[in-house]
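The next block holds one structure in the form of structure tokens; read it before the comments.
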Amino acid sequence: MECPKCKSIDRMKDGFVGGRQRYQCKCCGYRYTVKQKSTAKPIEMKLQAVRMYEEGLGMRAIARVLQVNHVSVQNWIKRLAPVAPAQLKRA
Ligand SMILES: [Zn+2]
């Protein structure tokens, strides 16, 4: 994340705003917050969840291990379980 104004990456932390880290650019003094991270998880994590599920772990246990919402795990398994075996071999 760089300064939106001058594109400098030289910055210092300047507290939090609404749970997001705020920075102040050392170059131009502009204050900005970092973009919220995308909530989309990498495919590796999803496939790992499916693999754990196939190893007999419960969805809540998987969610705890991967530190994600168990509803997400449920969705991944629903979506990926039918296609996972081929992908797991490649992974
Ligand atoms: Zn700047």
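Whatever order the structure lists them in is the order used to number ligands and atoms, beginning at 1. The structure displayed is predicted, hence computed values, not measured ones.
Linking Ile, Leu, Val, Met, Phe, Trp and Tyr whenever their side-chain heavy atoms come within less than 4.5 Å puts Val65 and Met59 in one cluster. Put simply, Ile43 and Met52 are part of the same group of oily side chains (I, L, V, M, F, W, Y) that touch within less than 4.5 Å, one to the next.
For the Zn ion (ligand 1), protein N, O or S atoms closer than 2.8 Å were enumerated as Cys3 SG, Cys6 SG, Cys25 SG, Cys28 SG, with waters left out.
Exactly one of Val68, Leu57, Val50 qualifies for a side chain to side chain contact (heavy atoms under 4.5 Å, CB included) with Ile62. That residue is Leu57. No option in Lys13, Met12, Arg11 other than Met12 meets the side chain to side chain contact (heavy atoms under 4.5 Å, CB included) test with Gln24.
Under the 3.5 Å distance criterion, the side-chain polar atoms of Glu2 are left unmatched by any main-chain donor or acceptor of Ile9.
In this structure, Leu66 and Ala49 approach most closely via the heavy-atom pair CD1-CB, 3.8 Å.
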